[in-house]
Chemist: 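Submitted below is the structure of interest, expressed as structure tokens.
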Amino acid sequence: MSLFCPCSKVPDHVILSGGPNNRYWVVDVEERPGHKTLTISCSKSLQPTETCLLKDGWEMTPVRRGDVVHLEGCSDGGSWLVDREQGFLVLLPDSLISGTSISSSIRCMRRAVLGDMFKSFDGGSKQMLNGTMVHEVFQRAATAKDFSLEKLSKLADEALHGPRYLGDMYSLGVSQEEMKQELHDYLPSLQHWANEYLNSSAPKDSATVVTVTELADIEENVWSPRFGLKGKIDVTARVRIQRPRTGGHRTPEEKIVPLELKTGKESNSIEHRSQVILYTLMSLERYNPETGFLLYLKTGNMHPVVANHMDRRELLKLRNTLVHHIHNCVEQEAERSRLTRLPDILTNRQTCQYCPQKRNCALYERAVDPSSADVSEDVVQDFLQQETGHLTPPHLNYFSHWLLLCCLEAAPMETKNSRKRVWLQTVQESEKNGSCVGNLQLSAPVTIQSEGVFLHRFQRSGVASQQGLASGDRIVVSDQEGRLVGLATGYLCEVSKKVISCTLDRDLSKYSGVLFRVDSDEGVVGLSTHLTNVSRLMENCQDSDRLRELVVDLRSPEFISNLSSVLPREAKDTVANILKGLNKPQKQAMKKVLLSKDYTLIVGMPGTGKTTTICTLVRILHACGFSVLLTSYTHSAVDNILLKLKRFRVGFLRLGQGQKVHPDILPYTEESVRKNGVHTLSELEQLYSKELVVATTCMGIKHPIFTHRRFDFCIVDEASQISQPVCLGPLFYAKRFVLVGDHQQLPPIVQNQEARSRGMDESLFKRLELHKEAVVQLNVQYRMNRQIMSLSNSLMYDGRLECGSERTALALLTLPFLLTVQSELSSYSQMQPQHDLSWLQATLLPSNPVCFLDCSMVPALESVERGGISNRTEAALIHMLLSLLIKAGCKPSDVGVIAPYRQQLKTISSLLQSSAFTGVEVNTVDRYQGRDKSLIVLSFVRSTLGELLKDWRRLNVAITRAKHKLLMVGSATTLRRYTPVEKLLNHLHQIHSCVCH
DNA sequence: GCTCTGCTGAGAGGA
């Protein structure tokens with residue numbers, strides 16, 4: 001008998017179910033020699049329970065209490081058996097693992113796990129590019145049903161000159177001619193294959209004859225939640241298999257099977273065959289194929305791969321081990337998390353020699369166990385020495401620290417990942433969340449918008465339910481039955497009650513008649529960019545060595561003493577001219593950057609003209625002939641600077657998806673420039689090297705341009721909001737860098753509590769700030785009037801913030817009709833003397849720029865709902881204040897309402913529906929950073945200060961958005977318990993107790 | 001206790 005903890009509760013985000021697509025919660029695991037028994041339940045109440053007996057090797061499955069599993073096979077009255085002959089157990093089935101990950105784990109499980117954490121940055125090889133291009137030629141010939149040499153060679157040339165692969169050739173440094181040679185070598189065997197297998201009628205008595213009668217699909221995308229698999233099937237073909245006659249007459253078999261194309265050696269290796277077997281497994285629900293084919297395009301030979309139970313069983317066991325390691329890279333030890341061990345390092349040096357995860361493999365080993373370099377086997381010791389010998393203990397510490405933080409932070413992202421809803425929730429359930437629209441049918445012919453972008457229109461039948469999807473959202477399309485999950489992904493264009501239009505990566509016209517569902521797809525972004533950057537920082541090369549010294553060892557930044565050596569003579573006048581428009585600290589900032597040999601930190605306090613400063617800096621650097629890489633975390637921050645820069649005839653290249661770029665910046669994107677004709681490699685090279693200034697987001701550094709170009713300066717805007725690993729990314733490509741930010745404003749958002757407490761919200765900006773000599777402060781501001789500024793000064797800046805002019809200092813809200821409103825209020829007060837409204841009259845006065853409206857005396861209770869926290873009383877008060885202020889002549893577009901919680905914004909917005917309020921912007925503190933309004937109304941929402949406003953940086957941002965008037969609404973008595981708010985309240989002259997009705 | 005923006009991606013061969 002096994003005992004299990006009755007208090008163990010299933011978390012909210014877990015979805016369980018019975019039936020063919022079952023999901024069981026593992027209540028308990030009982031291990032015995034040779035077998036393992038699971039106590040499981042598919043109900044969240046954990047009643048009733050069933051059992052599952054694992055044996056014949058399945059008992060080695062690393063399944064634990066609290067895991068979710070899927071069971072295949074049969075159960076006998078609630079007891080399942082998974083053994084040699086029957087049944088499968090799929091561990092964590094909602095984590096879909098790709099076919100290639102699993103087949104790569106055959107040789108080295110450790111490599112497969114690392115491959116999931118770190119997307120390798122090696123950029124591939126010429127052979128790989130050729131492989132991709134041969135695939136493309138084959139697939140397009142298949143679509144055109146024409147494998148003649150003329151057609152093939154035409155398709156090859158299109159691929160060579162089309163936009164798609166030029167970037168890869170640029171990265172790899174191979175010429176179009178070279179690639180052409182490689183590619184053309186394959187064409188004859190492609191034709192040969194077609195002659196041999198495609199509709200061939202050549203009868204052969206002796207052997208099995210396989211004839212491909214139809215190429216049913218190309219690059220079919222498959223998500224198989226039943227087996228926890230995903231993949232892309234090169235070609236899905238209908239084949240006729242005629243076996244040799246043995247006497248009697250035999251009808252040929254017709255089947256739909258996956259074809260896996262390979263351009264490399266005809267190895268027929270276990271990895272290749274495993275890939276095919278996994279494809280047959282994941283398309284079980286679609287066609288139930290028992291066979292697949294490996295098609296080697298070098299020779300045109302085709303090998304059948306028959307999938308038997310044993311192969312499938314062993315591959316699923318590998319998948320289970322892999323998924324276990326991916327999900328359990330962190331373990332708890334005495335309340336503190338730490339990295340877990342990975343599968344062992346191979347001791348066969350031959351295999352490891354070309355492994356793309358070599359460095360990460362060694363780094364990880366030393367991160368979990370610093371002593372491993374001394375105690376392991378000799379082979380491993382040598383390997384560790386070779387890969388990490390150049391690193392000091394602090395370097396290794398930095399690596400393991402950030403690796404752990406990233407793994408911790410990845411966990412909440414994983415649980416939030418809503419992708420599993422696509423297959424675990426019905427359309428009705430998902431529509432209720434607003435994340436899905438169902439009952440859709442194709443309503444118009446699919447049109448091709450550009451290469452690989454297909455415009456679809458769907459008609460919705462039945463009642464339109466609550467609408468949660470918006471245009472621009474990333475989506476995934478599946479059939480409603482759950483047989484064709486994840487058919488295509490793309491973006492939503494138009495949503496109305498009846499019609500949905502979207503652009504998808506695949507043409508779904510062959511599914512006419514199918515009922516579709518469209519789900520929002522937030523995707524699983526993960527933290528692989530972060531980890532890749534941290535790993536790169538540990539590389540044994542010049543760029544990384546230098547950056548490591550500055551970032552990890554915190555070596556003091558150096559400066560040269562004389563400007564004249566950096567300023568070219570011919571640029572002097574231009575630079576002097578540009579400098580004219582700047583104030584003193586801004587000029588200092590320019591000078592510091594020019595003198596820097598390593599880096600400069602520019603602290604841009606609120607309203608001090610950060611964007612202008614960066615724009616001016618770029619102009620100066622440009623005038624001096626320096627190249628500049630301009631980045632920030634968000635597209636909008638990058639474009640804000642570019643919009644300013646554009647006016648000064650400074651040329652630049654903007655990298656990134658056109659969809660995300662500001663419309664006015666679109667003409668500068670690579671996409672648009674290339675439309676004007678870039679067909680050769682040298683044209684592309686020209687485009688990539690033409691502009692001194694290149695702009696992109698920090699995550700956009702996977703672009704081919706960075707395989708070759710280096711910049712004199714890298715500027716990172718909003719650097720105090722970017723987490724360290726991300727901020728590092730662009731710095732690899734520049735000799736010097738400039739971080740612009742303000743650590744007194746919002747830090748990087750970190751969801752995991754432990755990750756935050758262990759320092760994940762420390763930006764690189766903050767880390768480097770200890771070197772005072774690298775810091776310039778922009779403290780002259782042009783936003784807030786004197787009273788508002790002094791509030792922030794007392795809270796955060798110790799009086800360092802200054803007004804740029806008397807005009808700024810004295811500016812007040814203009815309310816042309818205030819007298820009318822005031823007299824109305826007065827007469828109301830006279831008629832109802834029990835309602836003293838003098839507090840309200842004082843509040844409205846522009847000459848009272850900062851007011852706190854204290855709701856302590858009225859019951860202003862917050863309510864915690866599903867969507868978050870709100871406070872109706874505060875919302876009502878804000879509604880009244882705004883009505884009066886707008887009546888008094890304040891323009892709605894000059895008004896901003898800020899609250900720390902989304903739910904409160906909803907509550908406020910719903911009260912501001914009337915047209916009088918059109919233009920009033922209601923948003924979170926976070927969204928308001930970097931922006932301002934003449935009048936800001938701030939709702940504190942909580943009578944007990946929440947986690948969010950305890951952060952004085954968030955509070956600082958909130959109060960510094962107002963130019964002329966700041967109204968704060970909250971419960972003063974309780975808020976006083978928190979030091980930052982207390983400090984703030986003590987500074988105020990105007991605290992009004994409001995008496996609401 | 002509820003703040004949010006980034007990202008195509010699974011596979012393209014080689015020993």
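Everything quoted here is computed from the prediction, not taken from an experiment.
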Chemist: CD of A/Gln127 versus C1' of B/dA15: gap in Å, rounded?
Modeler: 12 Å
Chemist: Restricting to salt bridge (Lys or Arg N to Asp or Glu O under 4.0 Å), what partner residues turn up for A/Asp717, sequence neighbours left out?
Modeler: A/Lys610
Chemist: Using the ring centroid of each side chain, check whether A/Tyr296 and A/His303 are separated by less than 6.0 Å.
Modeler: yes
Chemist: Using the side-chain hydrogen bond (donor to acceptor under 3.5 Å, both in side chains) rule, pick out the option among A/Thr696, A/Asp639, A/Thr669 that qualifies with A/Arg654.
Modeler: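 Among A/Thr696, A/Asp639, A/Thr669, the one meeting side-chain hydrogen bond (donor to acceptor under 3.5 Å, both in side chains) with A/Arg654 is A/Asp639.
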Chemist: For A/Arg110, enumerate each residue passing the salt bridge (Lys or Arg N to Asp or Glu O under 4.0 Å) test, keeping only those at least two apart in sequence or located in another chain.
Modeler: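 With sequence neighbours excluded, A/Arg110 shows a salt bridge (Lys or Arg N to Asp or Glu O under 4.0 Å) to A/Glu365, given in chain and number order.
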Chemist: Can you list everything that forms a side chain to side chain contact (heavy atoms under 4.5 Å, CB included) with A/Ala156? Sequence neighbours excluded, please.
Modeler: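 Result, side chain to side chain contact (heavy atoms under 4.5 Å, CB included) vs A/Ala156: A/Val137, A/Leu183, A/His184, A/Leu187.
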Chemist: Can you identify which nucleotide, out of B/dA12, B/dG14, B/dG11, has its nearest atom closest to the A/Ser98 side chain?
Modeler: B/dG11
Chemist: Under the salt bridge (Lys or Arg N to Asp or Glu O under 4.0 Å) test, which residues partner A/Glu409, sequence neighbours left out?
Modeler: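 A/Glu409 satisfies salt bridge (Lys or Arg N to Asp or Glu O under 4.0 Å) with no residue once adjacent residues are dropped.
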Chemist: Do the numbers put A/Arg506 on top of the ring of A/Phe454, so that NZ or CZ is under 6.0 Å from the six-membered ring centre and no more than 45° off the axis?
Modeler: no
Chemist: Please work out the stems of DNA chain B from pairs that are Watson-Crick or G-U wobble with both distances under 3.5 Å, keeping only runs of three or more consecutive pairs.
Modeler: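 So the stems come out as none.
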Chemist: Please classify the nucleic acid contact of A/Arg506 as base, sugar-phosphate, or nothing, using heavy-atom distances under 4.0 Å.
Modeler: nothing
Chemist: What interatomic distance, in whole Å, is found between C1' of B/dT8 and the corresponding atom of B/dA12?
Modeler: 16 Å
Chemist: Assess A/Arg319 against A/Phe227: is NZ or CZ under 6.0 Å from the centre of the six-membered ring, and within 45 degrees of the ring's axis?
Modeler: no
Chemist: In residues 632-642 of chain A, which ones come under 4.0 Å of DNA chain B, going by heavy atoms?
Modeler: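 Nucleic-acid contacts, sorted: A/Tyr633, A/Thr634, A/His635.
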